[in-house]
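Take a look at the structure below.
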Amino acid sequence: MAPSSPPPSLPSLMVVFFLLSFSVLLCESRLSLDYYSKTCPSFNKIMQDTITNKQITSPSTAAGTLRLFFHDCLPNGCDGSILISSTAFNKAERDADINLSLPGDPFDLIVRAKTALELSCPNTVSCADILAVATRDLVTMLGGPYYNVYLGRKDSRFSQASSIEGKLPKTNMDMSQIINLFAGSGFNIQETVALSGAHTIGFSHCKEFSSNIGNDTHYNPRFAQALKQACADYPKNPTLSVFNDIMTPNKFDNLYFQNLPKGLGLLESDHGLFNDPRTRPLVELYAKDQNKFFQDFARAMQKLSVYGIKTGRKGEIRRRCDAVN
């Protein structure tokens with residue numbers, strides 16, 4: 001009798017499960033990589049030109065767009081609802097307290113891309129697709145991993161500030177709260193840590209961490225002193241900020257994870273990643289292996305990019321990204 005083959009490993013089963021569930025979702029939603037190949041042949045070129053020009057003139061656009069993407073997708077799905085402006089009758093998501101610090105450059109990028117696309121192929125490309133592609137391309141421009149973005153999302157017709165309450169991580173949350181928040185949207189601990197690696201670019205305002213500097217012993221002492229000096233005037237100047245990754249703030253790499261064991265994390269949630277036994281092994285893995293971080297980040301971003309999407313009659317193609325039709 002021939003010996004039986006060993007059972008597949010857990011990581012292999014997880015990859016197979018991810019691919020199967022992802023394929024089912026794409027089939028149900030009718031998304032595809034070449035969704036605009038016939039209806040808007042100039043889509044890719046317009047997006048590339050607009051993104052490149054904006055990033056060159058405003059280098060903080062990449063980090064801001066990545067954050068905007070998270071704030072759009074994680075609460076209620078990738079439907080462009082974060083882009084809608086408030087009216088006299090409705091307070092939209094972008095005016096929720098947690099979104100007030102979102103920078104203007106990514107909003108401007110989406111407006112520029114939408115304007116150019118409307119001139120070339122009117123009423124065809126959704127704002128949700130524009131945001132998803134812009135995020136991927138900007139991550140790649142800064143040295144991060146390339147991943148496929150499936151297209152065909154529709155834009156939401158609704159945006160209410162109250163609908164996102166408790167659905168986005170806050171800087172003062174402990175790891176249990178963050179893990180549970182991501183789990184509520186279907187993301188496991190590994191995906192949560194990988195997505196947290198987005199902090200390798202961008203900055204945080206002093207008000208988000210200054211109160212912790214003197215009380216949190218996990219800060220490197222010299223780093224803590226430098227932060228106190230950098231943020232000394234933040235009560236008078238609330239725009240003061242510090243890079244999330246002080247080593248390579250404009251490069252998408254794994255130095256964010258290398259910083260955490262050295263006490264160079266900026267936010268309370270950053271320190272939590274290294275100090276919590278559930279997430280620390282992943283921090284150490286990504287600190288040693290950038291390729292593994294890139295692989296897991298790309299997979300998690302691809303999953304996030306199709307989370308809660310609207311298709312068919314559940315959404316629309318907005319003529320303007322900041323207002324419903």
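For Asn99, the side chain to side chain contact (heavy atoms under 4.5 Å, CB included) test picks out His71, Ile82, Glu93, Ala96, Leu102, Ile164, Leu168, with sequence neighbours left out. In this structure Ser120 satisfies the side chain to side chain donor-acceptor pair (under 3.5 Å) test together with Ser42, sequence neighbours excluded. Applying the ring-ring contact (aromatic ring centres under 6.0 Å, His included) criterion to Phe223, with sequence neighbours excluded, gives no partner residue.
The number of heavy-atom neighbours closer than 6.0 Å to CD of Gln295, taken from other residues, nucleotides and ligands shown, is above 12. Residue-environment remark: CZ (Arg278) exceeds the threshold of 12 foreign heavy atoms within 6.0 Å. In the displayed structure, Lys207 atom NZ is contacted under 6.0 Å by at most 12 heavy atoms of other residues, nucleotides or ligands. For CZ of Phe70, the number of neighbouring non-hydrogen atoms (other residues, nucleotides, ligands) closer than 6.0 Å is greater than 12.
Judged by distance alone, the side chain of Glu118 and the main-chain N or O of Asn123 form a donor-acceptor pair under 3.5 Å. A donor-acceptor pair is defined here as one N or O able to donate and one able to accept, closer than 3.5 Å; no such pair exists between the side chain of Thr50 and the backbone of Met47. One N or O on the side chain of Lys114 and one on the backbone of Arg318 form a donor-acceptor pair closer than 3.5 Å. Side-chain atoms of Arg136 come within 3.5 Å of backbone N or O of Tyr147 as a donor-acceptor pair. Ser163 contributes a side-chain N or O that, together with a main-chain N or O of Gln160, makes up a donor-acceptor pair within less than 3.5 Å. In this structure a side-chain-to-backbone donor-acceptor pair under 3.5 Å is missing from Thr61 to Asp105.
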Review point. How far apart are the C-alpha atoms of Phe182 and Leu195, what are their side-chain angles, what is the distance that settles it, and do they pass the side chain to side chain contact (heavy atoms under 4.5 Å, CB included) test?
Key: CA-CA 10 Å; Phe182 276 87; Leu195 290 172; 4.0 Å; yes

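Shown here for Thr124 and Cys40, the closest heavy-atom pair between the two residues is CG2-CB, 4.2 Å. What you find for Gly80 and Ala128 is that their closest heavy atoms are N-CB, 3.9 Å. Closest of all the heavy-atom pairs between Ala194 and Phe297 is O-CD1, 3.2 Å. Listed here is the closest heavy atom pair of Tyr219 and Gly265: CE2-O, 3.3 Å.
The only option from Asn259, Asn244, Leu266 that meets the side-chain contact (heavy atoms from CB on, under 4.5 Å) definition with His199 turns out to be Asn244. Shown are Phe293, Phe294, Phe274; of these, the ring-ring contact (aromatic ring centres under 6.0 Å, His included) with Tyr286 is made only by Phe293.
Of the N and O atoms on the side chains of Asn76 and Ser81, not one donor lies less than 3.5 Å from an acceptor on the other residue.
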